[in-house]
Amino acid sequence: MDKRTMGRHRRITQPPRTTLATRAVLAAGVLVPTIASAGSAHAATPQAAICTSDRPELADKLSEDINSALEGSAATTAISLHDRTTNTTCTLDADRHFDSASTVKVTVLSTLLWDAQKDNRALTQEEKDHATAMITESDNDATTALWKQLGADKINGFLQAAGMTNTTLDSEGHWGLTQITANDEEKLLQLVTHTNPVLSDDSRAYILKLTAEVIPSQRWGTPAGAPSDAQVHVKNGWLERATNGWRVHSLGAFTGGDHDYTITVLSQDNATMDDGIANIEGIARAVHENLNAPVSSAQS
């Protein structure tokens, strides 16, 4: 869902950074009318992020800084994050549903690998080509091909296995209108980053490899402010509709060295895509700064 078009479309190398006059977007390879989506057409009443941690002073500082980053934003924002090193979690409206846009592409890839595992088979070259284009360039045609190949039953099967019980596929089959929550996306990121019975270690490594190779123009969002020694894995999504403005989302996993944390930020009611990016990056910088601060600094 990361391209908007008035005709034929091909791979995208630059995200649309300004609002265009046309009000149509691509989902599942066909134009989706910008009808009202679920939820209010206006931003929700602001809520505060709540953090917990084995280091209470870190939780307090994270809550303060995340909420400060959200001040002045008109967006409806949901957050879910987890740092395993300090057993820190933060949530904000994390069970609210959003149109997925292209964040669902991580679920599509995970379903493809999960299904291949059951048959004890490797991906075909065509599947690998589609997977690479889908994740690293956010290619919509590749996503549609894999979505149709898998079908709703297999995708729902993976969602059930992954415990992503609040994620719902669009009734008309538009992959970019899958209804997601920040908490469910965090469940997916946890599966991708740690050994589990759903995704094999080889499958996880493949997902991490592709999300580490996303093209530079699409590496905005949760990576903002990440430490230079972290391995950054990201998948973003963006979509404008007639109601609730721009949906702008970012999934991030940060590994390597002493880093072991994941961040999900979902948003809508952004006036422009740039507003959504700025909103997410303000939150991300607060998270990275606090999770990577010396203990003495976090206690001050």
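Basis for what follows: all heavy atoms, side chains included, without hydrogens, waters or symmetry-related copies. For reference, positions follow the sequence shown, starting with 1.
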Could you check whether any side-chain heavy atom of [X] comes within less than 4.5 Å of a side-chain heavy atom of [Y], counting everything from C-beta outward?
| X | Y | value |
| --- | --- | --- |
| D54 | T86 | no |
| W238 | I277 | no |
| E281 | W220 | yes |
| W175 | I155 | no |
| I135 | T211 | yes |
| N140 | K105 | yes |

Pairwise distance [atom1]([X]) to [atom2]([Y]) - rounded to 0.5 angstrom:
| X | Y | atom1 | atom2 | value |
| --- | --- | --- | --- | --- |
| N87 | R55 | CG | CZ | 12.0 Å |
| T167 | L188 | OG1 | CG | 8.5 Å |
| L191 | T107 | CG | OG1 | 10.0 Å |
| I79 | E186 | CD1 | CD | 11.0 Å |
| M134 | T132 | CE | OG1 | 9.0 Å |
| K128 | L112 | NZ | CG | 11.0 Å |

Heavy-atom pair with the smallest gap, counting every atom of [X] and [Y]:
| X | Y | result |
| --- | --- | --- |
| C90 | I66 | SG-CD1, 4.1 Å |
| G276 | N270 | CA-OD1, 3.2 Å |
| N236 | S250 | OD1-OG, 2.6 Å |
| K61 | N290 | CG-OD1, 2.8 Å |
| A182 | S80 | O-CB, 3.6 Å |
| L169 | W147 | CD2-CH2, 3.8 Å |

Is it true that a side-chain atom of [X] and a backbone atom of [Y] form a donor plus acceptor pair closer than 3.5 Å?
| X | Y | result |
| --- | --- | --- |
| T222 | T264 | no |
| D139 | A142 | yes |
| H249 | D99 | yes |
| D269 | G245 | no |
| S267 | V248 | yes |
| D83 | T88 | no |
| S73 | L70 | no |
| S100 | T103 | no |
| N196 | L199 | yes |
| Q179 | T168 | no |

Discussion item. Membership question, hydrophobic clusters at under 4.5 Å side-chain separation (ILVMFWY): are W114 and L208 in the same one?
Written reply: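 Yes, L208 connects to W114 through the hydrophobic network.
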Worksheet item: If Ile, Leu, Val, Met, Phe, Trp and Tyr residues are connected whenever their side-chain heavy atoms lie under 4.5 Å apart, and connections chain through other members, are I50 and L291 in the same group?
Response: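 Different hydrophobic clusters.
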Item to complete: Go through the steps for R96 and T181 under the test side chain to side chain contact (heavy atoms under 4.5 Å, CB included), then give the verdict.
Response: CA-CA 6 Å; R96 174 183 287 272; T181 69; over 6 Å; no
Practice prompt. Walk me through it: do T255 and H233 pass the test side chain to side chain contact (heavy atoms under 4.5 Å, CB included)?
Written response: CA-CA 8 Å; T255 61; H233 314 269; 3.0 Å; yes
Looking at [X], I'd like to know if its [atom1] atom is crowded, meaning that more than 12 non-hydrogen atoms belonging to other residues, nucleotides or ligands lie closer than 6.0 Å.
| X | atom1 | answer |
| --- | --- | --- |
| D201 | CG | yes |
| Q117 | CD | yes |
| D258 | CG | no |

Polar contact flag, side-chain donor to acceptor under 3.5 angstrom, [X]-[Y]:
| X | Y | value |
| --- | --- | --- |
| H259 | D229 | yes |
| Q125 | D129 | yes |
| D95 | N183 | yes |
| E127 | Q149 | yes |
| S102 | K235 | no |

Worksheet item: For E126 and L123, what are the C-alpha separation, side-chain angles and deciding distance, and is it a side chain to side chain contact (heavy atoms under 4.5 Å, CB included)?
Response: CA-CA 8 Å; E126 182 179 50; L123 298 187; over 6 Å; no
Discussion item. Does this structure show an ion pair linking E289 with R285, if we count only N-O contacts that are shorter than 4.0 Å?
Written reply: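 Between R285 and E289 there is no salt bridge, as every charged N stays at least 4.0 Å from the carboxylate O atoms.
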Worksheet item: Which one of K187, Q190, E185 satisfies the side chain to side chain donor-acceptor pair (under 3.5 Å) criterion with T262?
Response: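 Result: among K187, Q190, E185, Q190 is the only option passing the side chain to side chain donor-acceptor pair (under 3.5 Å) with T262.
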Discussion item. Taking side-chain contact (heavy atoms from CB on, under 4.5 Å) as the criterion, tell me which of L58, L81, L62 meets it with C51.
Written reply: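 Going through the options one by one, the only one that passes is L62.
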Fill in: Y261: which of H194, H82, H288 passes ring-ring contact (aromatic ring centres under 6.0 Å, His included)
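So, applying the ring-ring contact (aromatic ring centres under 6.0 Å, His included) to Y261 and each of H194, H82, H288, only H288 qualifies.
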Item to complete: Tell me, with the steps shown, if E213 and R219 meet salt bridge (charged side-chain N to carboxylate O under 4.0 Å, His left out).
Response: CA-CA 9 Å; E213 296 174 352; R219 296 181 69 80; over 6 Å; no
Discussion item. Test side chain to side chain contact (heavy atoms under 4.5 Å, CB included) on L159 and T165; report intermediate values, then the result.
Written reply: CA-CA 7 Å; L159 293 173; T165 55; over 6 Å; no
